[in-house]
There are 2 protein chains.
Amino acid sequence: MKNSSTTSDNILACARNLIVAGGYNGFSYADIADMVGIRKASIHHHFPSKVDLVRTLVARYREEAELGMANLELQVSDPLELLRLYAGYWEACIADASAPFCICALLASQLPVLPEEVGLEVRAHFRSLSGWLTSVLERGARHGQLQLTSTPLAEAEAFMAAVHGAMLSARAYGDPKIFGVVTGPLLERLASRFPCDESRDGDGCSHDDQDERSST
Amino acid sequence: MKNSSTTSDNILACARNLIVAGGYNGFSYADIADMVGIRKASIHHHFPSKVDLVRTLVARYREEAELGMANLELQVSDPLELLRLYAGYWEACIADASAPFCICALLASQLPVLPEEVGLEVRAHFRSLSGWLTSVLERGARHGQLQLTSTPLAEAEAFMAAVHGAMLSARAYGDPKIFGVVTGPLLERLASRFPCDESRDGDGCSHDDQDERSST
DNA sequence: GACAAACTACCTACTAGATGGTAGGTTACA
DNA sequence: TGTAACCTACCATCTAGTAGGTAGTTTGTC
């Protein structure tokens, strides 16, 4: 808790950025040492092995995510608004490049080569996120605030997949806007209780700017 | 042409499997050498550098994908059926673990640490796939076979994101079925021309000129 | 047909630098 | 005095990549 733990936090923060950029095998202790401004061996003092470091990182990430979900629920009860806030969180992260990818999503793609302990944490995050989304969607459907076209679980999985896939596309296109292009209509569809009604509200599907796709 | 080129193909095939498992930094020339049964240095004979190898691999993957799309179009004209076949292709790959991930999707997640030449190929695949899906969706919407809730481009991006996210979830859960859980309802939604009509199978609304909802 | 040059596919042996990790010492501070 | 944080100096192993050699085949030329 003393501020000396700041070094440990710095190491974790740098590791997080490096993993977001290139995954488990995409960074080394030397990279972190350079960024933090200490020697390689000092990292081993805080995290004996790379597995320890990444496991700790993902475990903490999971805790923060679960805390974030719980806090959202405390502040907002409307299911649609919860989904909007969740998507909006990532949209902001991607837009300002502060953390343009969920580390668990990134690590999941490398699951076959991940140390087992790390893999377990990653899987746990997926289950946790899926569970929360399912509960939100189920509640929304029960109260008539959300329009589901399949089971809450299936819709939750679809929502999560869309968010992860949208992160990937934003990265591939080098264009943060694509995230909103994907998640926006998805939220709208869940919101519209009368999907046949073409004039459901002013703006309609908007996002008229599909000239994104940047270029390179 | 001669069978000696088989070694080169073997190298590419192994590299592909290894990349599918762990991405660009998740394998080494030594791994390939072991799998193919030749020495490390011999790989350099076929592919002078790792960048050459992976760029070739992704370029060939792109060609195959574009050829696959073109062939699909030759055999099938129904837009919904095209999307079903596309999703079905990946569903089969994931189910039998033959190639449970699109290498471009996997590499895109590591784009920031990828050699530039490889990154360009990966981005090109995203544009190509998005373009094809957009054209299929646009055609389906124009002919009244598909029900879009936003622009063809936005729907295409959403479809692609869902497919990629579903691959990720299948891997995270270690359960191939999740892919179908995500893509199934998505295809159904696109298929249902009258989403308000709970009993959509029973025509409900006249003018059902083309009810091809395919077959398989 | 003979023969040499050139080429292909592969090898052994090596390199420099990166990798995760260790041993043991120094400093600062409670 | 003990301990946490950090250091220098290592280590074995792995990394992509190179040098140079060998065996077998193809090709051009007389």
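This one's a predicted model, so the numbers in the text were calculated from it and none came from an experiment. Computed over heavy atoms, backbone and side chain alike; hydrogens, waters and symmetry mates excluded. Throughout, a chain's letter reflects where its sequence line sits, starting with A, and its residues are numbered from 1.
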Whole-Å gap separating C1' (C:dC10) and CD1 (B:Ile32): 16 Å
Spacing of A:Asn10 atom CG relative to D:dA5 atom P, expressed in whole Å: 13 Å
Among C:dC10, D:dT8, D:dC6, the nucleotide that comes nearest once only the side chain of A:Arg39 is considered: D:dT8
Sugar-phosphate only, base, or nothing, as touched by B:Ser28 at under 4.0 Å among non-hydrogen atoms: sugar-phosphate
Phosphate OP1/OP2 of C:dC11 contacted by B:Ser42 side-chain N/O (<4.0 Å): yes
NZ/NE/NH1/NH2 to OD/OE distance under 4.0 Å, B:Arg189 and B:Glu155: yes
Selected nucleotide, minimal atom distance to A:Tyr29 side chain, candidates D:dA5, C:dG20, D:dT15: C:dG20
Distance in angstrom units between A:Ile43 CD1 and D:dT8 P, rounded: 13 Å
Residue A:Ile38, side-chain atoms from C-beta onward, closest of C:dT19, D:dC7, D:dG17: D:dC7
Which atom of B:Leu153 lies closest to which atom of B:Ser130, heavy atoms considered: CD1-OG, 3.9 Å
Any B:Arg171 side-chain heavy atom under 4.5 Å of B:Leu106 side chain: yes
Sugar-phosphate only, base, or nothing, as touched by B:Phe47 at under 4.0 Å among non-hydrogen atoms: nothing
Nearest-nucleotide pick for B:Ala41, side chain only, options being C:dC11, D:dG17, D:dA5: C:dC11
side-chain hydrogen bond (donor to acceptor under 3.5 Å, both in side chains) involving A:Ser128 - partner list, sequence neighbours excluded: A:Glu66
Candidates D:dA16, D:dT8, C:dG20 - which lies nearest the side chain of A:Lys40: C:dG20
Distance in angstrom units between B:His46 NE2 and D:dG17 C1', rounded: 16 Å
Whole-Å distance separating the CG atom of B:Leu18 from the C1' atom of D:dA16: 15 Å
Residue B:His45, side-chain atoms from C-beta onward, closest of C:dT19, D:dC6, C:dC10: C:dC10
Closest to side chain of B:His44, choosing from C:dA9, D:dG17, C:dT19: D:dG17
Among C:dG21, D:dA4, C:dC10, the nucleotide that comes nearest once only the side chain of A:Lys50 is considered: C:dG21
A:Tyr173 and B:Phe126 aromatic ring geometry - parallel, tilted or perpendicular at 30°/60° bounds: perpendicular
Spacing of A:Asp52 atom CG relative to C:dG20 atom P, expressed in whole Å: 13 Å
